Amino acid sequence: MTNETDPSPDEATAPTLDALIGERRKKREELAARGIDPYPSRYDRTALADDLHVRHAGLEPDTRTGEQVKLAGRVTAVRRHGKLSFATLTDSSGSIQLLLQSSTLGDEAAAVLDAVDLGDWVGAAGEVITSRRGELSVDVTVLTLLSKALRPLPDKWHGLTETDTRYRQREVDLLANPDSRRVFDIRFKAIAAMRRHMESEHFVEVETPILQPQAGGAIARPFLTHANALDIELSLRIAPELYLKRLVVGGYERVFEIARNFRNEGVSTRHSPEFTALEAYRAFGDLTEGMDLTEALVVAAARESIGRFTVAFGDEEIDLTPPWPRLQLLDLLEERLGLRVHPTDDIGHLREVCARHGVTPLPEWGPGKLVFELYDQVLLPELLSPVLVCGFPVEVSPLARHTADDPTMADRFELCIVGREFANGYSELNIPEEQAERFEVSAAAKARGDVEAHPADQAFVRSLQYGLPPTAGIGIGIDRLIMLLAEVDAIRDVILFPMLRPEAAD
RNA sequence: GCGCCCCUAGCUCAACGGUGGAGCACCGGAUCCUUAAUCCGGAGGUUGGGUGGUUCGAGUCCCCCGGGGCGCACCA
């Protein structure tokens, strides 16, 4: 059975990665053999790296502060010089240099230093000093291993570039690539800022169903799933809108949800099947309050995530400083096209205008959709600075209230920046009969095979019959907003764990 | 869905169709103020997978499969 040419697993033909992991495992066992626990249960840190830089800025070289601190973080660099070593410790706040002298280090700490690898979590206790070259450091007397990293980290200088691995192993991306960390810091600061703003405006943050019997509130294809207990088909929500408005009916006059939405559609640089939107509803308001709130939220997000109101977009510099112009869609189109269009225009004429501007009309498009497409394909891409575009055709706004003096137009706005839509809002349609009629129209389209037509939602219509007060509603695309603020051009770069095909089993 | 491109050591990258290399990381040694430390030595490879094809010869050219990226279409 034994074949002499077959290498045994222990020999040097084992894969290199296994060898590297084996090396680190060996060091861990050696420490354990000396009675050092490689996985202690806790460490009482007293300072963060960045605190020390702030508190001890501008010290002369070779200063001893007398301040004793205990730091904890990952070892991200080691420079050994015989009896003197330097290491870089990185924690959530930043990095600081550790200075380790064999003369002042205890036996145990010296053993830890010998066995420490890049990526290990350590605790470092000692005095805050500056080195002879003037770098703020901690003169370590006790070095404690907090957790051994068995797998080697990516290149300390080049980091991790392969996008596949960056997305699949985001934790490695985050610890190896400072820019990745920067993007997500912006994301979560911006979301926190928006949440604080909503709270200061007395909005209540609520949770509505993600698993819904019928996905509504937007025009999109849902993901489908099955509930075993009830033996029913369910959809993952495409928007929280209908449930949030039902809460306004129920007396929550100001509600919002930071909602993960799911749309079973194309994946691209700007589309993720799973994305986040902030939706908010404010009773007694109309379009004006919706625009005020949208502007305030984006401004708060920018101020508290990046600390400025200018962002780069390609070669352009975009200024987000409020107030933003609020302009009528039909006026903007008139200016851009050189003629005034309206949903009551002859459909043949509108098709011709579309064709003239490079918009190919589909046969099922009504006049409102034609006007909307002129906006979407011709006007929108040219709106680089923030603009609140007001007044959209009712035909493409099935949940919005129609304008007082024009039944074919809705009191709806979109926020446009860098040629993209960032937010959408309207005065909510609260007349039950009118909502029911609009549902009938779209349900008929659905019955004809339009998979994206909005389904009729009787529970929602019944809710409106109890009375929805005049209400302003908005939705802000969080992922795209973060892309704008962080100046990245792939939506996957602002989503921690984007949807990918499963890794191969091997 | 369609088109184009990418996949080489743990990481970052080289290699005209002609013996698969380097830097970092790793291992051994030297080094008491370094900071992408340095110096000496060493080890590390099924070139994403294919007992598919062409060729005297394939990491390289062709085909199939897998994964990813970008562009177009749908969508926010």
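Proteins come first, then strands; the chains are lettered A, B, ... in the order of their sequence lines, and each starts at number 1. Quantities reported herein were computed from a predicted structural model and do not represent experimental measurements.
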Next on the checklist: Need one value for A:E23: base, sugar-phosphate or nothing, where a base atom within 4.0 Å counts as base even if backbone is also close, heavy atoms only.
Outcome noted: sugar-phosphate

Next on the checklist: Less than 4.0 angstrom between a side-chain N/O of A:K83 and OP1 or OP2 of B:rU31, yes or no?
Outcome noted: no

Checklist entry - So what does A:R221 touch, heavy atoms closer than 4.0 Å: a base, only the sugar-phosphate, or nothing? => result nothing

Checklist entry - So does A:R168 have more than 12 non-hydrogen atoms from other groups sitting under 6.0 Å from CZ? => result yes

Item to check | Atom-to-atom span, CD1 of A:I21 to P of B:rC11 - whole angstrom | outcome: 11 Å

Checklist entry - Ring centroid separation for A:F392 and A:Y375, is it under 6.0 angstrom? => result yes

Next on the checklist: With a 4.0 Å cutoff (strictly under), does any side-chain N or O of A:R501 reach OP1 or OP2 of B:rG67?
Outcome noted: yes

Next on the checklist: If I pick the C1' atom on B:rA25 and the same atom on B:rA37, what distance separates them, to the nearest angstrom?
Outcome noted: 15 Å

Item to check | Span that lies between the P atom of B:rC26 and that of B:rG10, in whole angstrom | outcome: 15 Å

Checklist outcome for this item: Smallest heavy-atom separation, A:E428 atom then A:A472 atom, equals OE2-C, 4.3 Å

Checklist entry - Counting side-chain heavy atoms from C-beta on, which of B:rA37, B:rA76, B:rC26 comes nearest to A:K156? => result B:rA37

Checklist entry - How is A:K26 classified with respect to the nucleic acid when contacts are heavy atoms under 4.0 Å: base, sugar-phosphate, or nothing? => result nothing

Checklist entry - Does A:D155 get its side chain close enough to the base of B:rG10, under 3.5 Å, for a donor-acceptor pair? => result no

Item to check | Rounded P spacing from B:rG66 to B:rG28 in Å | outcome: 44 Å

Item to check | Nucleotide nearest A:L84 when distance is taken to its side chain, options B:rU35, B:rG67, B:rC33 | outcome: B:rC33

Item to check | A:T208 versus A:R237, side-chain donor and acceptor atoms under 3.5 Å | outcome: yes

Item to check | side-chain N/O A:K27 vs B:rC27 OP1/OP2, d < 4.0 Å | outcome: yes

Next on the checklist: For a quick check of understanding: with a heavy-atom distance under 4.0 Å over all strands, which category does A:Q97 fall into, base, sugar-phosphate or nothing?
Outcome noted: base

Checklist entry - B:rU35 and B:rG50: how far apart are their C1' atoms, nearest whole angstrom? => result 48 Å

Detail all sub-3.5 Å separations between protein N/O atoms and N/O atoms belonging to nucleotides 70-74 of chain B.
from   : atom 1 : to     : atom 2 : distance (Å)
B:rG71 : OP2    : A:T269 : OG1    : 2.7

Item to check | Reference residue A:K27; test side chain to side chain donor-acceptor pair (under 3.5 Å); the match among A:D117, A:D120, A:D114 | outcome: A:D117

Item to check | Working for side chain to side chain donor-acceptor pair (under 3.5 Å), residues A:Y167 and A:D173 | outcome: CA-CA 8 Å; A:Y167 297 150; A:D173 179 39; over 6 Å; no

Item to check | Rounded distance in Å between the C1' positions of B:rC64 and B:rU51 | outcome: 15 Å

Checklist entry - Between atom CG in A:D120 and atom P in B:rC26, what is the gap in whole Å? => result 11 Å

Checklist entry - Is there a donor-acceptor contact under 3.5 Å linking the side chains of A:R151 and A:Q169? => result no

Next on the checklist: With rounding to the closest Å, how many angstrom separate the P atoms on B:rC65 and B:rC27?
Outcome noted: 43 Å

Checklist entry - Nearest of B:rU35, B:rC11, B:rC26 to any side-chain atom of A:P154? => result B:rC11

Item to check | Whole-Å gap separating C1' (B:rU12) and CD (A:E162) | outcome: 11 Å

Next on the checklist: Under a 3.5 Å threshold, yes or no: a donor from one side chain and an acceptor from the other, between A:Y243 and A:E241?
Outcome noted: no

Item to check | A:H454 NE2 - B:rA76 P separation (whole Å) | outcome: 12 Å

Checklist entry - NA contact type, A:G159, heavy-atom cut-off 4.0 Å: base, sugar-phosphate, or nothing? => result sugar-phosphate

Checklist entry - Can you tell if the side chain of A:L160 reaches within under 4.5 Å of the side chain of A:V172, non-hydrogen atoms only? => result yes

Checklist entry - Of the nucleotides B:rU12, B:rU35, B:rC33, which has the atom closest to the A:R132 side chain? => result B:rC33

Checklist entry - Which of these nucleotides, B:rU12, B:rC24, B:rC33, is closest to any side-chain atom of A:F86? => result B:rC33

Item to check | Contact nearer the 5' end of RNA chain B, comparing A:L99 with A:E373 | outcome: A:L99

Item to check | Which residues share a ring pair (Phe, Tyr, Trp, His ring centres under 6.0 Å) with A:Y426, sequence neighbours left out | outcome: none

Item to check | Distance-minimising heavy-atom pair for A:P363 and A:R351 | outcome: O-NH2, 3.4 Å

Checklist outcome for this item: Side-chain atoms of A:T163 come closest, of B:rA36, B:rC26, B:rG68, to B:rG68

Next on the checklist: Whole angstroms only, please: what is the CD-P distance between A:Q169 and B:rG67?
Outcome noted: 17 Å

Next on the checklist: What is the separation between atom CG on A:L500 and atom P on B:rG66, rounded to the nearest whole Å?
Outcome noted: 16 Å

Checklist entry - In whole angstroms, how far is the P atom of B:rA76 from the OH atom of A:Y375? => result 11 Å

Next on the checklist: Work out how far the C1' atom of B:rA58 is from that of B:rU8, and round it to whole angstrom.
Outcome noted: 14 Å

Checklist entry - Which part of the nucleic acid does A:R168 contact within heavy-atom distance under 4.0 Å: base, sugar-phosphate only, or nothing? => result sugar-phosphate

Next on the checklist: Measuring only the C1' atom in each nucleotide, how far is B:rC16 from B:rU12? A whole number of Å is fine.
Outcome noted: 24 Å

Item to check | Dot-bracket pairing map - RNA chain B, Watson-Crick plus G-U, both contacts under 3.5 Å, | cross-strand | outcome: (((((((..((((....[..)))).(((((.......))))).....(((.((..]....))))))))))))....

Next on the checklist: The test is side chain to side chain donor-acceptor pair (under 3.5 Å); show your working for A:R412 and A:S397 and say whether it passes.
Outcome noted: CA-CA 8 Å; A:R412 168 181 167 191; A:S397 314; 2.9 Å; yes

Next on the checklist: Classify A:T161 by what it touches in the nucleic acid, base, sugar-phosphate, or nothing, heavy-atom distance under 4.0 Å.
Outcome noted: sugar-phosphate

Checklist entry - Within this structure, what is the CD-to-P distance between A:E279 and B:rA76, rounded to whole angstrom? => result 13 Å

Checklist entry - Is A:F275 stacked on the base of B:rA76, with ring centres under 5.5 Å apart and planes under 30° apart? => result yes

Next on the checklist: As a quick check of understanding, evaluate side chain to side chain donor-acceptor pair (under 3.5 Å) for A:S235 and A:Q214, giving each step before the final call.
Outcome noted: CA-CA 6 Å; A:S235 299; A:Q214 182 168 261; over 6 Å; no

Next on the checklist: What's A:R263 touching, base or sugar-phosphate or nothing? Going by heavy atoms closer than 4.0 Å.
Outcome noted: base

